[in-house]
Amino acid sequence: MSNPTYKRIVLASRPEAAVTPDNFRLEEVPVPDLADGQVLVRNHFLSLDPYMRGRMGEGKSYANPQPLNEVMIGGTVGEVIASKNPKWNVGDKVVGMFGWQEMGVTDGGGMQKVDTTHIPLSAYLGSVGMPGVTAWYGLNKIIAPKAGETVVVSAASGAVGSVVGQLAKLAGCRVVGVAGGKDKCDYVVKELGFDACVDYKAAKDSKELYAMVKEVTPDGIDGYFENVGGDILDVVLARLNAFGRIAMCGLIAGYDGQDMPLKNPRAILVSRAKIEGFIVSEHMEVWPQALRELGGYVAQGKIKFRESIADGLASAPEAFMGLLKGKNFGKQLVKLI
Ligand SMILES: NC(=O)c1ccc[n+]([C@@H]2O[C@H](COP(=O)([O-])OP(=O)(O)OC[C@H]3O[C@@H](n4cnc5c(N)ncnc54)[C@H](OP(=O)(O)O)[C@@H]3O)[C@@H](O)[C@H]2O)c1
């Protein structure tokens, strides 16, 4: 009898500008027989993240490109369903990097066991996973806010931004989000407890955007967590207090190759700003502490989160293209089973 099969998605071609469906190919392959020491994992959720756009191209980056015709890179959470490795038991819940596929085989490495007693499995791809640690690192290690300071974060309702704002509130800061649309802004203020949120889509030009940001940052801005780039960065720089800190986390507005000229670099000098870029995977030393703190906050309901969940692996390309256009509302996941 032939083996059962599972689905996977490989990178079929590299995007010229915006990602298109034909950059991906859905394949069906047999579930392999396990060798001694190997473990078979059924992935329940796949994480879709903006960094995947960078890996699809061949431009200069901090990481190597995703090879063509190989399974798309991606974080997953799932469950061990067969094991020939004494360290892993059937039923273990795990977080790993099995990519855009329904199953994964490992020699037992490349995954961690997670406890789902107080934290839902999917949260290990969001607030208690890579995006959460990203927020934790940029806020605590770069912005290092003091109580009473004003912290602004862009893409405020998203996986990273929502955690940045809630951590900054817990640190006693005034927190202002920037997000696209009334629903996202209402959510970060009413549900997540931010002090204010600027709907950048409601501004007709950068002058009006400046006026909107000024109104909700009466004492200026001490820390800015940048996820987007473009006009908002210039506006924030113009409001930055002396010795303000900017954590340069992401520039999603330019991931399809758009230009993002900085119009007012003088503001960096005038405010004696510190601007620091970072890649969370290069700071593995903070992950245990960050995950412990984030897990505690999520379990206690002090950090809330929201998810956009696409149904089935075949929906991943469209959900990913949506993420790059801001269609997601909260952490973008794909439910695989
Ligand atoms: N440095 C690192 O190690 C690291 C690690 C993880 C993530 N990141 C970065 O962190 C940022 C947030 O990631 P995330 O996973 O939390 O994603 P996300 O915020 O959940 O989703 C992306 C959001 O970006 C916003 N956005 C603003 N301008 C946009 C534009 N022109 N085009 C498309 N979207 C736009 C959209 O929200 P609105 O509708 O509110 O505009 C969209 O929902 C990204 O820039 C990502 O690359 C960096």
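Counting starts at 1 for both ligands and their atoms, following the listed order.
In terms of N/O distances under 3.5 Å, ligand 1 is not approached by D49. On a distance-only criterion, N227 and ligand 1 share at least one N/O pair closer than 3.5 Å. For a threshold of 3.5 Å applied to N or O pairs, the pair formed by Y51 and ligand 1 contains no separation below that value. Distances between N or O atoms of A253 and those of ligand 1 include no value under 3.5 Å. On a distance-only criterion, S157 and ligand 1 share no N/O pair closer than 3.5 Å. The shortest N/O to N/O separation between A159 and ligand 1 falls below 3.5 Å. By the 3.5 Å distance cut-off applied to N or O atoms, V160 is counted among the residues near ligand 1.
From the protein, the heavy atom lying nearest to atom 13 (O) of ligand 1 is P50 CG, 3.6 Å. For atom 19 (O) of ligand 1, the closest non-hydrogen atom on the protein side is G158 CA, 3.3 Å. If you check which protein heavy atom lies closest to atom 39 (O) of ligand 1, you get K184 NZ, 2.7 Å. Protein heavy atom nearest atom 5 (C) of ligand 1, with residue, atom name and distance: T134 OG1, 3.3 Å. Of all protein heavy atoms, the one lying nearest to atom 35 (C) of ligand 1 is I252 CG2, 3.5 Å. Remark: minimum distance from atom 47 (O) of ligand 1 to any protein heavy atom is reached at Y255 OH, 2.7 Å. Taking atom 23 (C) of ligand 1 as the reference point, the nearest protein heavy-atom neighbour is A155 CB, 4.1 Å. Looking at atom 33 (C) of ligand 1, its nearest protein heavy atom turns out to be L324 O, 2.9 Å.
Between the K84 side chain and the L34 main chain, a donor and an acceptor come within less than 3.5 Å of each other. At least one donor-acceptor pair under 3.5 Å links the side chain of R42 to the backbone N or O of E102.
Only the backbone of K325 comes within 4.0 Å of ligand 1, judged by heavy-atom distances. Residue M130 touches ligand 1 through its side chain alone, judged by heavy-atom distances below 4.0 Å. When non-hydrogen atoms are compared, ligand 1 lies under 4.0 Å from neither the backbone nor the side chain of F329. With a 4.0 Å heavy-atom cut-off, ligand 1 is reached by no atom of V178.
We find that R245 and E149 are joined by a salt bridge, their nearest charged nitrogen and carboxylate oxygen being less than 4.0 Å apart. A salt bridge is defined here as a Lys NZ or Arg NE, NH1 or NH2 lying under 4.0 Å from an Asp or Glu carboxylate O, and R174 with D219 fails to meet this definition. Ion pairing of K304 with E191 is absent here, as no side-chain N (NZ or NE/NH1/NH2) approaches a carboxylate O to less than 4.0 Å. A salt bridge is defined here as a Lys NZ or Arg NE, NH1 or NH2 lying under 4.0 Å from an Asp or Glu carboxylate O, and D234 with R239 fails to meet this definition. Ionic pairing of K113 and D92 is present here: one or more N-O contacts between side-chain nitrogen and carboxylate oxygen are shorter than 4.0 angstrom. A salt bridge links K263 with D231: the distance from a Lys NZ or Arg NE/NH1/NH2 to an Asp or Glu carboxylate oxygen falls below 4.0 Å.
Atoms of ligand 1 lying under 4.0 Å from at least one heavy atom of L251, given by number and element, are 45 (O). Taking a cut-off of under 4.0 Å to the non-hydrogen atoms of Y200, the atoms of ligand 1 that pass are 27 (C), 28 (N), 38 (P), 41 (O). Of all atoms in ligand 1, numbered sequentially from 1 with element shown, those under 4.0 Å from a heavy atom of V280 are 2 (C), 3 (O). Interface atoms of ligand 1 facing F278, defined by a heavy-atom separation under 4.0 Å, are 1 (N), 2 (C), 3 (O). Each of the following atoms of ligand 1 lies closer than 4.0 Å to a heavy atom of A179: 40 (O).
When the heavy-atom distances from atom 48 (C) of ligand 1 to G230, G250, C249 are ranked, the shortest goes to C249. In this structure, of V228, N328, D183, the residue bringing a heavy atom nearest to atom 27 (C) of ligand 1 is V228.
For Q258, the closest heavy-atom approach to ligand 1 does not fall below 4.0 Å. Not a single heavy atom of Y137 sits less than 4.0 Å from an atom of ligand 1.
The two atoms that bring I337 and N43 nearest to each other are CG2-O, 3.9 Å, heavy atoms only.
Y51 and V71 are not part of a single hydrophobic cluster, where members link through side-chain heavy atoms under 4.5 Å apart.
Surrounding NZ of K169 are more than 12 heavy atoms belonging to other residues, nucleotides or ligands, all under 6.0 Å away.
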Problem set entry | Trace of the side chain to side chain donor-acceptor pair (under 3.5 Å) decision for N69 with R25 | CA-CA 8 Å; N69 302 312; R25 187 173 62 248; 3.1 Å; yes
For this session: Evaluate the ring pair (Phe, Tyr, Trp, His ring centres under 6.0 Å) criterion for residues F329 and Y187: first the C-alpha distance (whole Å), next the side-chain angles of each, then the deciding distance (0.1 Å), finally the verdict.
Result: CA-CA 10 Å; F329 192 161; Y187 167 72; 5.3 Å; yes
For this session: Could you walk me through whether E27 and R8 pass the salt bridge (Lys or Arg N to Asp or Glu O under 4.0 Å) test, one step at a time?
Result: CA-CA 5 Å; E27 299 179 341; R8 65 184 193 183; 2.9 Å; yes
Problem set entry | Chi angles and distances behind the side-chain contact (heavy atoms from CB on, under 4.5 Å) call for V164, T134 | CA-CA 9 Å; V164 171; T134 303; over 6 Å; no
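Checked options S47, S308, S162; the residue passing with K331 is S47 (criterion: side-chain hydrogen bond (donor to acceptor under 3.5 Å, both in side chains)).
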